[in-house]
Novice: 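Mind looking over this structure? Questions follow.
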Amino acid sequence: SISDANIICETIKLAENGEGLILRMYEAYGRQTSAVWSYGNTAQRAFECDMMENKMCELPQTHDGFNATFMPYEIKTFLLV
């Protein structure tokens with residue numbers, strides 16, 4: 001689930017290295033947004049990645065899920081493990 005309607009999850013796939021799931025999301029309405037998203041009970045950690053799936057930073061986990069800030073029309077890649 002995603003807390004804001006303007007954040008779209010476009011892709012869910014296995015990571016190329018086989019160690020987790022990749023989610024690609026984008027901001028669709030042209031506004032900066034801080035969104036909380038979750039992927040059931042299976043994800044224990046989440047990382048923001050570059051488009052080549054290299055980890056850049058770990059996302060903070062809240063009681064509801066993971067928090068990420070999107071700039072207008074920004075595309076982001078996340079790794080769930």
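Keep in mind the model is a prediction, meaning the values are calculated, not measured.
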Novice: Might you point out which heavy atoms bring Ala35 and Ser3 nearest each other, and give the distance in Å?
Specialist: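 That closest heavy-atom pairing would be CA-OG, 3.5 Å.
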Novice: Enter the distance from Cys49:SG to Leu79:CG here, rounded to the nearest 0.5 Å.
Specialist: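 With rounding to 0.5 Å, SG (Cys49) is 4.5 Å from CG (Leu79).
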Novice: Are Asn6 and Thr33 close enough that a side-chain donor and a side-chain acceptor fall under 3.5 Å?
Specialist: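 Yes.
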Novice: Do other residues, nucleotides or ligands put more than 12 heavy atoms under 6.0 Å from the CD1 atom of Ile75?
Specialist: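 Count not over threshold, so no.
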Novice: Nearest heavy-atom pair of Trp37 and Ala46: which atoms, and what distance?
Specialist: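 Smallest interatomic distance, heavy atoms only, reads CH2-CB, 4.1 Å.
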Novice: Between Gly30 and Pro72, what is the shortest heavy-atom contact and its length?
Specialist: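 In terms of heavy atoms, the two residues are closest at C-CB, 3.6 Å.
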Novice: Please lay out, stage by stage, how Glu53 and Ile22 fare under the test side-chain contact (heavy atoms from CB on, under 4.5 Å).
Specialist: CA-CA 8 Å; Glu53 302 181 9; Ile22 293 292; 3.5 Å; yes
Novice: Do NZ/NE/NH1/NH2 and the carboxylate oxygens of Lys55 and Glu58 come within less than 4.0 Å?
Specialist: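 Not counted as a salt bridge, because no side-chain N and carboxylate O are separated by less than 4.0 Å.
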Novice: Would you please test Tyr26 and Glu74 for side-chain contact (heavy atoms from CB on, under 4.5 Å) and show each step?
Specialist: CA-CA 5 Å; Tyr26 67 93; Glu74 183 175 29; over 6 Å; no
Novice: Under a 3.5 Å cutoff, is there a donor and acceptor pairing between the side chains of Ser34 and Asn67?
Specialist: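 Distance-only check passes for Ser34 and Asn67.
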Novice: Using 0.5 Å steps for rounding, measure from the CG atom of Leu80 to the CZ atom of Phe66.
Specialist: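 One gets 6.5 Å once the value is rounded to the nearest 0.5 Å.
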Novice: Give the C-alpha distance, both sets of side-chain angles, the deciding distance and a yes or no for side-chain contact (heavy atoms from CB on, under 4.5 Å) between Lys76 and Glu48.
Specialist: CA-CA 7 Å; Lys76 289 196 173 202; Glu48 187 171 343; 3.5 Å; yes
Novice: Please find the pair of heavy atoms, one from Val36 and one from Gly65, that lie closest to each other, and give the distance.
Specialist: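 In terms of heavy atoms, the two residues are closest at CG1-N, 4.1 Å.
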Novice: Looking at every heavy atom in both Gln61 and Gln44, which two are closest together, and how far apart are they?
Specialist: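 What the structure gives for the nearest pair is OE1-O, 3.3 Å.
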Novice: Minimum heavy-atom separation for Asn17 and Glu19, please, with both atom names.
Specialist: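 Heavy atoms of Asn17 and Glu19 come nearest at OD1-N, 2.9 Å.
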Novice: Would you call the rings of Phe78 and Phe70 parallel, tilted or perpendicular, taking 30° and 60° as the class edges?
Specialist: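 It falls in the perpendicular class, over 60°.
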Novice: Applying side-chain contact (heavy atoms from CB on, under 4.5 Å), run through Met56 and Asp50 and close with a yes or a no.
Specialist: CA-CA 7 Å; Met56 296 182 344; Asp50 62 18; 3.9 Å; yes
Novice: Would you compute the distance between atom CZ of Arg24 and atom CD1 of Ile12 and round it to the nearest 0.5 angstrom?
Specialist: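 One finds 12.0 Å between CZ of Arg24 and CD1 of Ile12.
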Novice: Hey, what do you get for CD1 (Ile8) to CD (Glu10), rounding to the nearest 0.5 Å?
Specialist: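 Answer rounded to 0.5 Å: 9.5 Å.
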